[in-house]
Amino acid sequence: NAGVTQTPKFQVLKTGQSMTLQCAQDMNHEYMSWYRQDPGMGLRLIHYSVGAGITDQGEVPNGYNVSRSTTEDFPLRLLSAAPSQTSVYFCASSHLGRAATNEKLFFGSGTQLSVL
Amino acid sequence: KQEVTQIPAALSVPEGENLVLNCSFTDSAIYNLQWFRQDPGKGLTSLLLIQSSQREQTSGRLNASLDKSSGRSTLYIAASQPGDSATYLCAVSRELIQGAQKLVFGQGTGLTINP
């Protein structure tokens, strides 16, 4: 009963390095999304996807890329890490449907990223 | 722009008390409102979801209400227990595309239940 799995749990990068945060879900959810959580800012939407091959920007997309080649996976790429990207990143997923307002969002346990 | 505010930012009460957490939002055009629980170092767990057409939802000792006209929601926790200690987040949603939801979160209320 894995749910939403994020790896790694912790990561330290130097400014300018690139990396990919992994997210996988085993609930056959169509909708997947990435949020970042910062002190005093709450959680903010970075990117989201409503299915394989379909992605779009959220509230704070700059500096991040995403792709969705399968239903299960939704990786988040940092192309050139900056100290401002130090944060806790959460992946979340849910079903889409006719009664989409009923769908609870399931969250992963997060990746704590520090950029030095 | 939707803004969500949670008051108080932190709350400490003795075990057994009933308590209320507050959430307010600025735009009443929401699809639903959700309350989440977040434990340190963990992800978010959805506690209750109230559709925009509903007034309240209950799960065990938890009851959440929604008043869209005033832009307010409350989470009522009955007979609090030390295991209820966590951060509680309120989030309102709007539709993106194809039924996908964008959630706007409050900053949370950190709750401590003292034995």
Side-chain angles (χ1 to χ4, degrees), chain A residues 2-7 9-10 23 25 29-61 68 74 88-112, chain B residues 1-7 9-10 23-26 29-54 57 59 62 64 66 68 86-110:
Chain A
V4 180
T5 302
Q6 290 185 237
T7 56
K9 292 190 181 298
F10 302 95
C23 175
Q25 52 88 13
H29 285 165
E30 302 90 350
Y31 175 66
M32 297 186 74
S33 57
W34 279 101
Y35 285 82
R36 59 178 288 173
Q37 184 175 33
D38 302 291
M41 301 291 291
L43 282 88
R44 293 176 292 169
L45 181 65
I46 305 172
H47 285 285
Y48 66 94
S49 168
V50 296
I54 306 171
T55 65
D56 206 343
Q57 297 180 351
E59 184 181 357
V60 287
R68 183 100 177 264
F74 190 44
V88 181
Y89 292 84
F90 289 101
C91 179
S93 70
S94 74
H95 282 300
L96 296 175
R98 183 169 55 85
T101 55
N102 294 330
E103 299 296 342
K104 292 182 179 180
L105 208 55
F106 291 82
F107 280 78
S109 58
T111 295
Q112 188 170 322
Chain B
K1 178 183 177 184
Q2 178 74 269
E3 293 183 358
V4 180
T5 303
Q6 290 186 246
I7 295 173
C23 171
S24 62
F25 48 95
T26 55
I30 65 172
Y31 279 80
N32 64 48
L33 183 144
Q34 298 183 49
W35 282 93
F36 292 87
R37 169 183 173 140
Q38 184 175 25
D39 294 284
K42 301 288 183 63
L44 281 68
T45 301
S46 181
L47 297 173
L48 291 165
L49 182 152
I50 311 175
Q51 297 177 51
S52 61
S53 59
Q54 296 176 325
Q57 281 287 332
S59 176
L62 305 179
L66 174 63
K68 280 204 321 177
T87 297
Y88 290 80
L89 294 160
C90 167
V92 296
S93 76
R94 68 173 180 88
E95 188 175 21
L96 294 166
I97 60 172
Q98 299 183 31
Q101 301 175 62
K102 174 188 174 180
L103 269 62
V104 178
F105 285 83
Q107 296 185 21
T109 294

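Treat the numbers as computed from the prediction; the structure is a model and nothing was measured.
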**Student:** Between CG of B:L89 and CD of A:Q37, what distance do you get to the nearest 0.5 Å?
**Tutor:**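 So the gap between those two atoms works out to 6.5 Å.
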**Student:** Which bit of A:F106 comes within less than 4.5 Å of chain B, counting heavy atoms only: side chain, backbone, both or neither?
**Tutor:**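 For A:F106, neither part sits under 4.5 Å from chain B.
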**Student:** Which bit of A:L43 comes within less than 4.5 Å of chain B, counting heavy atoms only: side chain, backbone, both or neither?
**Tutor:**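 Both the backbone and the side chain of A:L43 come within 4.5 Å of chain B.
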**Student:** Taking side-chain contact (heavy atoms from CB on, under 4.5 Å) as the definition, give me every residue that meets it alongside B:S46, ordered by chain and number, with sequence neighbours left out.
**Tutor:**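 With sequence neighbours excluded, B:S46 shows a side-chain contact (heavy atoms from CB on, under 4.5 Å) to A:K104, B:Q34, B:F36, given in chain and number order.
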**Student:** Can you tell me which of A:G42, A:S109, A:G58 forms the most heavy-atom pairs within a distance under 4.5 Å of chain B?
**Tutor:**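 Ranked by heavy-atom pairs under 4.5 Å with chain B, first place is A:S109.
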**Student:** Checking B:V104 now: which residues fulfil side-chain contact (heavy atoms from CB on, under 4.5 Å) with it, not counting sequence neighbours?
**Tutor:**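 For B:V104 the side-chain contact (heavy atoms from CB on, under 4.5 Å) partners, ignoring immediate neighbours, are B:Q2, B:V4, B:V92, B:K102.
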**Student:** Between A:M41, A:E59, A:K9, which has the largest tally of heavy atom pairs under 4.5 Å with chain B?
**Tutor:**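 Most heavy-atom pairs within the cutoff with chain B belong to A:E59.
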**Student:** Checking B:I30 against chain A: side chain, backbone, both or neither under 4.5 Å from a heavy atom?
**Tutor:**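 Contact with chain A is absent: no heavy atom of B:I30 under 4.5 Å.
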**Student:** Measuring from atom CG of A:L105 to atom CG of B:N32, what distance do you get when rounded to the nearest 0.5 angstrom?
**Tutor:**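 Reported to 0.5 Å precision, the distance equals 9.5 Å.
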**Student:** Run the numbers on B:Q38 and A:F90 for side-chain contact (heavy atoms from CB on, under 4.5 Å), then give the verdict.
**Tutor:** CA-CA 12 Å; B:Q38 184 175 25; A:F90 289 101; 3.3 Å; yes
**Student:** Could you walk me through whether A:L45 and B:L103 satisfy the side-chain contact (heavy atoms from CB on, under 4.5 Å) test, starting with their C-alpha distance in whole Å, then the side-chain angles of each, then the deciding distance to 0.1 Å, before giving a yes or no?
**Tutor:** CA-CA 8 Å; A:L45 181 65; B:L103 269 62; over 6 Å; no
